[in-house]
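Order of appearance sets the numbers: ligands from 1, and atoms from 1 within every ligand. Numbers for residues simply follow the sequence, beginning at 1. Atoms considered below: every heavy atom in the structure, side chains included; atoms not considered: hydrogens, waters and symmetry mates.
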Amino acid sequence: MKLILVALGLCSVVLSSKVRFDDFKVHRVTPTTASQVEALRELEENQIAYNFWSSAVDVHHPVDIMVPPHLIYDFQDFLDFQQLTSEVFIDNVQDRIDNEKPSVQSRVFGWNDYYRLSDIYDWMRTIATAYEVATLVVGGTSYQDRPIMGLRISYSAININRTVFVEGGIHAHEWISPAVSTFIIQQLLTSSDPVVRRVAQSYDWYFFPVFNPDGYEYSHTTNRMWRKTRTPYGSCYGADPNRNWGYRWNTGGGSTNPCSDTFSGPNPFSERSVSTMSQFLTGISSRLVGYISFHSYSQLLLYPYGYTSANRDNWGELLEVGEKAATALASRFGTRFNVGNIGATLGVFAGGSIDWVKGTYGTRVTYTYKLRDLGRYGFILPADHIVPTGLETLDSFVTIFDEFGAKL
Ligand SMILES: *[C@@H]1O[C@H](CO)[C@@H](O)[C@H](O)[C@H]1NC(C)=O
Ligand SMILES: [Zn+2]
């Protein structure tokens with residue numbers, strides 16, 4: 001009997017190929033000295049077995065680090081040596097993963113669960129069939145030959161020169177991002193709220209909910225924490241598609257190590273998803289007035305650039321409208337977002353999509369969201385947060401485009 005159980009156990013290990021995160025903990029560490037900041041940066045760069053959920057920016061900025069169980073004593077040594085203390089924000093990452101999805105799963109697409117790529121694409125096809133104003137577009141292709149599908153929503157040809165591009169899911173494990181993207185599509189098409197209707201009908205929209213389809217699928221099938229593309233680089237896989245764009249590429253905040261989660265790629269636009277989508281964007285660039293990207297987590301609404309912490313271009317109006325958007329967002333459930341410059345808030349990094357769009361085409365309305373939460377769940381936000389996150393994000397989203405509407 002024992003032998004059979006052992007055999008079954010081995011068998012299930014072989015069959016279930018999902019990476020597990022049992023007893024992986026997420027520690028929040030807040031450096032108070034410059035040398036502690038530097039030590040945390042070095043740890044992130046040199047010890048990729050630690051998974052930094054957020055990077056060291058400056059003193060008093062918290063850093064979230066996922067620590068695997070085999071490194072628990074090494075990590076404690078590091079903290080002791082640096083005279084740092086930590087707070088355990090997530091005690092067992094696998095528990096969070098196991099409780100992320102509802103216990104009863106619906107096959108019908110909606111916003112009470114996270115869905116696979118084919119479900120999202122099927123839903124987009126259904127929308128394109130059901131609504132005359134919605135058209136399916138293929139914007140690009142991934143390394144593994146998946147189409148990068150988008151929906152264009154166009155109520156009137158008059159809006160052609162007021163085109164807005166919405167990017168979801170460039171980081172594979174930020175599942176709330178595609179979910180909020182599809183939620184907003186649905187609301188722009190069906191809401192009877194007068195502000196939502198006005199905004200929906202005043203722009204020409206392109207929504208791409210899953211910018212990184214290979215990574216997204218891999219995060220469902222194999223590794224819930226997968227962030228990058230799936231292009232092979234030696235013994236490691238993937239580049240960070242938000243470090244790979246060809247504007248001041250690799251001038252900071254990305255890694256040259258293919259095994260790192262922030263690998264910038266061997267050269268700009270090395271990632272097929274990034275290069276093909278950049279060509280698509282170039283094609284609509286003369287009509288483009290807005291670019292929004294959805295990431296998680298930490299409740300921030302950010303304006304360019306990432307490559308510098310200095311304020312540039314039309315940052316003044318982006319800050320002003322951003323504050324109004326954050327107020328609108330908070331008015332629904334009290335969720336607080338901070339507004340700021342990407343580089344100053346997250347730490348300087350080059351090669352982000354929004355930097356390329358802003359720097360190359362001077363697109364006016366450019367924001368990056370970091371959606372819920374503040375770290376209790378981090379990237380593994382339970383599915384029952386999708387609807388409230390979608391509603392509050394929509395409130396801020398329509399505020400942005402209503403505010404700019406009169407100016408454009
Ligand atoms: C859009 O802009 C182009 C180029 O400036 C112009 O020729 C065209 O008439 C504009 N279309 C609309 C509908 O405003
Ligand atoms: Zn992200």
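- For T345, there are no side-chain hydrogen bond (donor to acceptor under 3.5 Å, both in side chains) partners two or more places apart in sequence or in a different chain.
- Residue Q94 holds its CD atom at 8.5 Å from CD1 of I380, rounded to the nearest 0.5 Å.
- For D77, the salt bridge (Lys or Arg N to Asp or Glu O under 4.0 Å) test picks out no residue, with sequence neighbours left out.
- Classification of the Y206-F208 ring pair by plane angle, with boundaries at 30° and 60°, yields parallel.
- Side-chain atoms of T182 and W111 form a donor-acceptor pair, as typed in the model, at a separation below 3.5 Å.
- Defined by atom type and a distance below 3.5 Å, a donor-acceptor pair is present between the side-chain atoms of S270 and N244.
- A donor and an acceptor atom, one from each side chain of T366 and K358, are located under 3.5 Å apart.
- Within the protein, the N, O or S atoms lying under 2.8 Å from the Zn ion (ligand 2) are H171 ND1, E174 OE1, E174 OE2, H295 ND1.
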What are the distances between nitrogen or oxygen atoms of ligand 1 and protein nitrogen or oxygen atoms, counting only those under 3.5 Å?
residue  : atom   : partner : partner atom : Å
ligand 1 : 2 (O)  : N161    : OD1          : 3.1
ligand 1 : 2 (O)  : N161    : ND2          : 2.3
ligand 1 : 11 (N) : N161    : ND2          : 2.9
ligand 1 : 14 (O) : N161    : ND2          : 3.2

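- Once rounded to the nearest 0.5 Å, the distance linking NE2 of H27 with CD of Q76 reads 7.5 Å.
- Checking Q279 against S275 by side-chain atom types alone, no donor-acceptor pair falls below 3.5 Å.
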